[in-house]
Visitor: 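Would you mind keeping the following structure in view while I ask a few things?
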Amino acid sequence: MSVDKETVRKVARLARIAVPEDRLQPLAGELSGILNWIEQLNEVDVEGVDAMASTVDVGLPMRPDTTATGPTGGGQPDRVVSNAPKTEDHFFVVPKVVE
Amino acid sequence: MSEPRKLLQGATGDWEIVVGLEVHAQVSSQAKLFSGAPATYGAGPNENVSLVDAAFPGMLPVLNAYCVEQAVRTGLGLNAKINLWSRFDRKNYFYPDLPQGYQISQYKDPIVGEGEIEVELDDGEIVRVGIERLHLEQDAGKSIHDLAPKESYVDLNRSGVALMEIVSKPDIRSADEAAAYFSKIRTIVRYLGTCDGNMEEGSMRADVNVSVCRAGNYQKFRDTGDFSHLGTRTETKNVNSIRYVRQVVEYEARRQIEALESGGKIDQETRLFNVATGETRTMRSKEDAHDYRYFPDPDLLPLELDAAWVEKIKASLPELPDQKRRRFVEKLGLSAYDASVLSADRVKADYFETVAEGRDGKLASNWVTTELFGALNKAGLDIEDSPIEAPALGKLIDLISDGVISGRIAKDVFAIMFESGGDPEKIVEDKGLRQVTDTGAIEKIVDDIIAANPEQVAQVKEKPKTFGWFVGQAMKASGGKANPQALNEILKKKLGVD
């Protein structure tokens with residue numbers, strides 16, 4: 001499988017990664033190389049083998065329905081907005097986004 | 001065959017509407033789906049946000065077991081298949097109120113599969129609507145656009161709150177059916193207690209998919225399963241009332257028919273509903289708006305459920321609205337309409353059952369649906385705020401059944417109870433409203449009226465209507481307290497009519 005320049009442009013845009021025009025073609029080559037390398041896995045016979053969702057054979061850990069304190073709880077708006085370039089009254093302030 | 005009532009007339013012929021609803025119902029939980037932050041409404045900006053919900057680096061999601069149980073309960077309430085193996089996927093898109101850059105959702109393997117519910121329309125007709133699936137997902141945060149001219153304010157309190165997305169099959173065929181379906185889903189989740197159904201606070205909202213096709217094409221789709229017989233659909237997002245769902249379907253169907261008949265075409269797009277105008281408008285039409293690049297969330301293992309645990313939940317389900325409705329009709333003798341009204345809301349149903357306990361079901365239903373609901377409606381009150389408690393209304397009905405007061409006097413007592421509360425028996429005693437069954441007293445009243453009105457007495461044999469006038473006069477003279485049956489008999493005897 002190989003990807004072309006236009007696919008790279010589209011994927012980059014969907015991921016919001018700015019890729020200069022002159023990097024699109026080289027990236028298409030690199031990504032195609034990676035995909036082709038991984039495609040070797042198709043040679044393995046997986047007849048009768050269940051699809052594996054994880055490499056560890058344990059159940060999904062769950063939490064009880066109680067509110068927590070600390071990093072996984074609420075009540076810390078100062079920390080929540082601490083990395084934001086602009087805030088007001090504990091709101092994040094961003095350039096206007098209106099549909 | 002297309003049913004005529006489902007057809008819309010256009011300038012060039014008849015059209016059919018096809019609707020599918022995606023209902024988002026917030027799980028009534030204490031904490032969020034993957035974090036320990038509170039899931040409550042109305043906190044200050046970013047107060048209910050953990051570092052997981054704000055997508056700080058290194059934070060990992062841990063699934064809330066209670067939310068899983070509520071999704072299973074809801075699935076069972078929708079008569080749907082519970083998938084013992086499901087998993088979570090990432091739905092990738094960028095928006096300021098989605099800090100992770102993806103929403104954790106379920107795509108290929110949802111926790112609940114196909115089901116079916118019954119939906120009653122206002123005219124009593126029952127239609128069956130298929131459920132495609134129910135999956136668990138995170139809610140996004142909230143952007144506020146009117147606090148500053150050039151900026152939006154983002155509050156992540158909703159971010160990560162657990163939602164159940166309930167997807168219908170394209171079985172809904174009119175605006176009425178869409179509204180009734182949405183209402184029925186709300187009734188079911190409220191019965192189950194899995195979602196509070198509060199639309200003002202956004203606990204329940206719907207994305208409404210509408211398309212139109214030429215009359216007859218829907219049946220072709222049903223016969224073949226081929227979607228190409230249906231028209232292109234639009235999706236109107238975040239519709240948050242039953243009335244608006246109806247309006248969206250009506251507006252979209254008309255808009256699409258007009259566009260198609262004037263030679264245009266319908267774009268598959270997302271639209272927004274304007275509450276003020278009742279119209280929809282294009283929201284975004286970027287060609288890759290739906291390119292979400294789903295993939296399994298590597299932070300979460302598959303969700304495996306124990307069949308015995310699911311059975312245990314099934315055994316603990318309350319009586320659901322459809323079962324209740326049937327029991328009201330079959331065991332208590334209610335009309336289909338009253339049974340629908342009473343079973344549509346669990347609180348109303350419980351109230352009615354307390355009133356009806358050990359009494360005549362139909363009489364109880366009349367007093368609850370006509371008198372009480374009428375008075376509540378007029379006063380703008382919900383059943384929860386009823387000034388008359390169910391046991392007191394039951395007692396009032398006993399007073400009628402025991403012949404202590406007439407049905408007419410009962411209405412006066414009811415009005416006093418509604419106004420200022422109190423025990424009906426005491427009100428009857430205090431106000432001297434006890435029915436006069438003493439025939440001597442009634443005879444006295446009747447004799448007086450006959451003596452005072454010789455002209456009417458002379459007419460009564462030729463004009464039977466005059467008899468009613470006598471009944472009215474006598475009843476008035478007794479202050480409404482005369483036993484109507486006794487009064488009738490005495491009047492007939494004295495006036496010599498049958």
Visitor: Taking only residues two or more places apart in sequence, or in another chain, which ones meet A:T66 in a side chain to side chain contact (heavy atoms under 4.5 Å, CB included)?
Guide: A:P64
Visitor: Tell me which of these, A:P71, A:A68, A:A84, A:G75, has more heavy-atom pairs under 4.5 Å with chain B than the rest.
Guide: A:P71
Visitor: Starting at CD of B:E151, measure out to CZ of A:F92 and round the result to the nearest 0.5 Å.
Guide: 14.5 Å
Visitor: Work out which heavy atom in A:L60 is nearest to a heavy atom in B:P302; give both atom names and the distance.
Guide: CB-O, 3.5 Å
Visitor: Looking only at heavy atoms, which two atoms of B:P45 and A:P77 are closest? And how far apart?
Guide: O-CB, 3.9 Å
Visitor: If the condition is ring-ring contact (aromatic ring centres under 6.0 Å, His included), which residues does B:Y244 pass it with, not counting sequence neighbours?
Guide: B:F273
Visitor: Identify which part of A:N83 has an atom lying under 4.5 Å from any heavy atom of chain B, answering side chain, backbone, both or neither.
Guide: side chain
Visitor: How about CZ on B:R90, more than 12 heavy atoms from neighbouring residues, nucleotides or ligands closer than 6.0 Å, or not?
Guide: yes
Visitor: Heavy-atom pairs under 4.5 Å with chain A are the metric here; pick the option from B:K150, B:E304, B:E69 that has the most.
Guide: B:K150
Visitor: When you measure from the side chain of A:D65 to the backbone N and O of B:S29, does any donor-acceptor pair fall under 3.5 Å?
Guide: no
Visitor: Please say whether more than 12 non-hydrogen atoms of neighbouring residues, nucleotides or ligands are located less than 6.0 Å from NZ in A:K86.
Guide: no
Visitor: Picking from A:G73, A:P95, A:G70, A:A15, which has the most non-hydrogen pairs under 4.5 angstrom with chain B?
Guide: A:G73
Visitor: Is the closest side-chain heavy-atom distance between A:T72 and B:L51 below 4.5 Å?
Guide: no
Visitor: Would you list the pairs meeting side-chain hydrogen bond (donor to acceptor under 3.5 Å, both in side chains) in which at least one residue belongs to residues 34-53 of chain A, sequence neighbours left out?
Guide: none
Visitor: Quick check for you: among B:P296, B:P149, B:A43, which has the greatest number of heavy-atom pairs under 4.5 Å with chain A?
Guide: B:P149
Visitor: Once rounded to the nearest 0.5 Å, what's the spacing between atom CZ of A:F91 and atom CG of B:N46?
Guide: 7.5 Å
Visitor: Between A:P61 and B:L301, what is the shortest heavy-atom contact and its length?
Guide: CD-CD1, 4.4 Å
Visitor: What is the distance from atom OH of B:Y93 to atom CZ of A:R16, rounded to the nearest 0.5 Å?
Guide: 12.0 Å
Visitor: Under the side chain to side chain contact (heavy atoms under 4.5 Å, CB included) rule, what do A:E88 and B:L147 come out as? Steps first, then yes or no, please.
Guide: CA-CA 11 Å; A:E88 194 179 317; B:L147 291 180; over 6 Å; no
Visitor: How long is the gap from NE2 on A:H90 to CG on B:N157, to the nearest 0.5 Å?
Guide: 11.5 Å
Visitor: Please rank B:V49, B:V154, B:N48 by heavy-atom pairs under 4.5 Å with chain A and give me the top one.
Guide: B:V154
Visitor: Verify, without hydrogens or angle tests, whether A:K96 (side chain) and B:A148 (backbone) share a donor-acceptor contact under 3.5 angstrom.
Guide: yes
Visitor: State, to 0.1 Å, how close A:T67 and B:Q30 come at their nearest heavy-atom pair, and which atoms those are.
Guide: CG2-O, 3.9 Å
Visitor: What residues of residues 55-66 of chain B make heavy-atom contacts with chain A at a cutoff under 4.5 angstrom?
Guide: B:F56, B:M59, B:V62, B:L63, B:N64, B:A65, B:Y66
Visitor: Short question: side chain of B:S152, backbone of A:V97 - any donor-acceptor pair under 3.5 Å?
Guide: yes
Visitor: Count the heavy atoms belonging to other residues, nucleotides or ligands that lie under 6.0 Å from OH of B:Y294, then report whether that count exceeds 12.
Guide: yes
Visitor: Check whether A:V81 gets within reach of chain B through its side chain, its backbone, both or neither, counting any heavy atom under 4.5 Å.
Guide: side chain
Visitor: Report, as yes or no, whether the 6.0 Å neighbourhood of atom NZ on B:K142 holds more than 12 heavy atoms from other residues, nucleotides or ligands.
Guide: no
